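Only one structure is covered here, and it is reproduced in the block below.
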Amino acid sequence: MPELPEVEYTARQLRETIIGATIQDALVFWDRTIGHPDPNDFRAEIAELRIEEVRRRAKYLIVDLAGGEQKYILTIHRRMTGNLLLLAPGWELDTSLRERDPVAWNTKGPIFHGYTIRRTHCYSTQQGEKTEQDEEKKDFHAEIGYCRACFILEDGRCLLFTDPRKFGRIELWPQEQELQALAGLGLEPLSEAFTLEELQARLAGRRGNIKQALLNQEILAGLGNIYADEALYYARIHPLRPANTLTLEELRLLREGIIAVLTLGIEHGGTSFSEYRDLWGEAGDNFSHVQVYQQEGKPCQRCGTLIERIVVAQRSTHFCPTCQQLIGE
DNA sequence: ATTTAGACCTGTCAGC
DNA sequence: TGCTGACAGGTCTAAA
């Protein structure tokens, strides 16, 4: 789910809130969520480490950790449904489901009750005193399920990694191995390195379609299904165009479009539908600014033609058949 | 060398 | 109401 903008937005929120905090302990509720090292070593190594910095590379969130002489990086990839939530002190962990219903426990995991951190205040999701703001949000995250791992901070807060579909991965590596931990990632689309010449060079000789090329993280790192469709719409390029046939003008527009849709996505707090939430449990509102993604049957904002949906590389692909023609130049 | 189907997972929604 | 199939932000592996 989360693509570059959603990860970047989360990184910024974490940077404002958890730098300087010390991890007291990590709990793992679904072993496969921890990709490296094995869950027991992971837990042992991460205890007592201090959070030094929070960064993003492609769709990876990177947390720099330090303890004594040793430095580590924690990498978090949310895949489809992974999410981070920061709870204020006062949270309660309920693992009683494990005995009550082992089958349900396997999918739903523990239940967290308690406090979700808000920008300016905390509010209780349990019964009790309610402020006006509580009234507006009273049912929000009353119960938090699908937690696959969590980090308990020494100041009493808790950073949860929730992930219903269990595709997300968290890894801990010695800092020296960062290059190896993040191997194979292509250009950062929002960096200086993403020039027209680089884009041209990386697409040259690629006979596959442009949509697939944009999803290939070894070429550009960070675009996913939403923003790839949006960038192609911006540049008026049909998703099935062979990547090596784009004209220089089309490449220029495509680069401009990629930067524009990613930047807007970040500004809008990410694209949310169904489960995606930010650190404080808020939905990003970029979905209301989307032009083609999941807009099949709706009129194109530029020409009124109905948006179509096709399947490319097993992924839904949305485009305007008038603005984005396959034939011609 | 590339494409493509299948895995990995669970929830939701449309249709019968 | 209940069952079935399609589909959802991603990426890896194996078969064609």
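Nothing here was measured: the structure is a model prediction, and the numbers come from that model.
Looking at A:Thr81, its side chain does come within 3.5 Å of a backbone N or O of A:Arg165 through a donor-acceptor pair.
Residue pairs that meet the ring pair (Phe, Tyr, Trp, His ring centres under 6.0 Å) test with at least one member in residues 55-86 of chain A, sequence neighbours left out, are A:Tyr60-A:His77. For residues 163-216 of chain A, the set of pairs meeting the ring pair (Phe, Tyr, Trp, His ring centres under 6.0 Å) definition, not counting sequence neighbours, comprises A:His36-A:Trp173.
Residues A:Leu182 and A:Thr75 are in side-chain contact: their nearest non-hydrogen atoms beyond the backbone lie under 4.5 Å apart.
The CD atom of A:Gln295 sits 13 Å away from the P atom of C:dA8 (whole-angstrom rounding). What separates NE2 of A:His318 from P of C:dC7 is a distance of 10 Å, to the nearest Å. Spacing between atom CG of A:Leu214 and atom P of C:dT11 amounts to 13 Å, rounded to whole angstrom units. Taking atom CE of residue A:Met80 and atom P of nucleotide C:dC12, one finds them 14 Å apart after rounding to whole Å. Atom P of nucleotide C:dA8 and atom CD of A:Glu296 are separated by 10 Å, given to the nearest angstrom. C:dG10 atom C1' lies 14 Å from atom CG of A:Leu4, rounded to whole Å. In this structure, A:Glu218 atom CD and C:dG10 atom C1' are separated by 14 Å, rounded to whole Å. For the pair A:Lys211 NZ and B:dT4 P, the interatomic distance rounds to 14 Å; values are reported in whole Å.
Side-chain atoms of A:Thr107 lie closest to B:dT10 of the nucleotides C:dT11, B:dT10, C:dA8. Distances were taken from every side-chain heavy atom of A:Ser316 (C-beta onward) to each of C:dT11, C:dC7, B:dT10; the shortest belongs to C:dC7. In this structure, of C:dG10, B:dC9, C:dA8, it is B:dC9 that holds the atom nearest to the side chain of A:Trp30. Set against B:dT4, C:dT11, C:dA8, the side chain of A:Lys59 has C:dT11 as its closest nucleotide.
No side-chain N or O of A:Arg241 forms a donor-acceptor pair with one of A:Asn209 less than 3.5 Å apart. Between the side chains of A:Thr195 and A:Arg255, no donor-acceptor pair is found at a separation under 3.5 Å.
When the side-chain nitrogen and oxygen atoms of A:Gln212 are compared with OP1 and OP2 of B:dT3, none of them lie within a distance under 4.0 Å. The side chain of A:Tyr146 places an N or O atom within less than 4.0 Å of a non-bridging phosphate oxygen (OP1 or OP2) of B:dG11. Remark: A:His77 is in phosphate contact with C:dT11, judged by side-chain N or O atoms under 4.0 Å from OP1 or OP2.
Looking at heavy-atom distances under 4.0 Å, A:Arg309 makes contact with sugar-phosphate atoms alone, never a base.
Using P as the reference atom, B:dT10 and C:dT1 are 26 Å apart when rounded to the nearest Å. On the C1' atoms, C:dG10 is 23 Å away from B:dA1, given to the nearest whole Å. Of the P atoms belonging to C:dA6 and B:dA7, the separation is 15 Å, rounded to the nearest Å. Here the separation of B:dC9 from C:dT4, taken at their P atoms, is 22 Å to the nearest Å.
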_What verdict does the salt bridge (Lys or Arg N to Asp or Glu O under 4.0 Å) test give for A:Asp229 and A:Lys211, after you've listed the backbone C-alpha separation in whole Å, the side-chain angles of each residue and the deciding distance to 0.1 Å?_
CA-CA 8 Å; A:Asp229 282 2; A:Lys211 168 72 186 273; 2.8 Å; yes

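By the ring-ring contact (aromatic ring centres under 6.0 Å, His included) test, A:Trp105 is found to be paired with no residue, residues two or more places apart in sequence or in another chain being considered. Looking at residues two or more places apart in sequence or on another chain, you find a ring-ring contact (aromatic ring centres under 6.0 Å, His included) between A:Tyr293 and A:His318.
Secondary structure note: stems in DNA chain B built from 3 or more consecutive Watson-Crick or G-U wobble pairs under 3.5 Å occupy B:2-8 with C:10-16, B:10-16 with C:2-8.
Considering A:Asp285, A:Thr263, A:Asn286 in turn, A:Asn286 is the only one that fulfils the side-chain hydrogen bond (donor to acceptor under 3.5 Å, both in side chains) rule with A:His268.
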With the criterion being N/O to N/O and under 3.5 Å, what pairs connect the protein with nucleotides 6-8 of chain B, and how long is each?
from: B:dC8; atom 1: O3'; to: A:Arg32; atom 2: NH1; distance (Å): 3.3

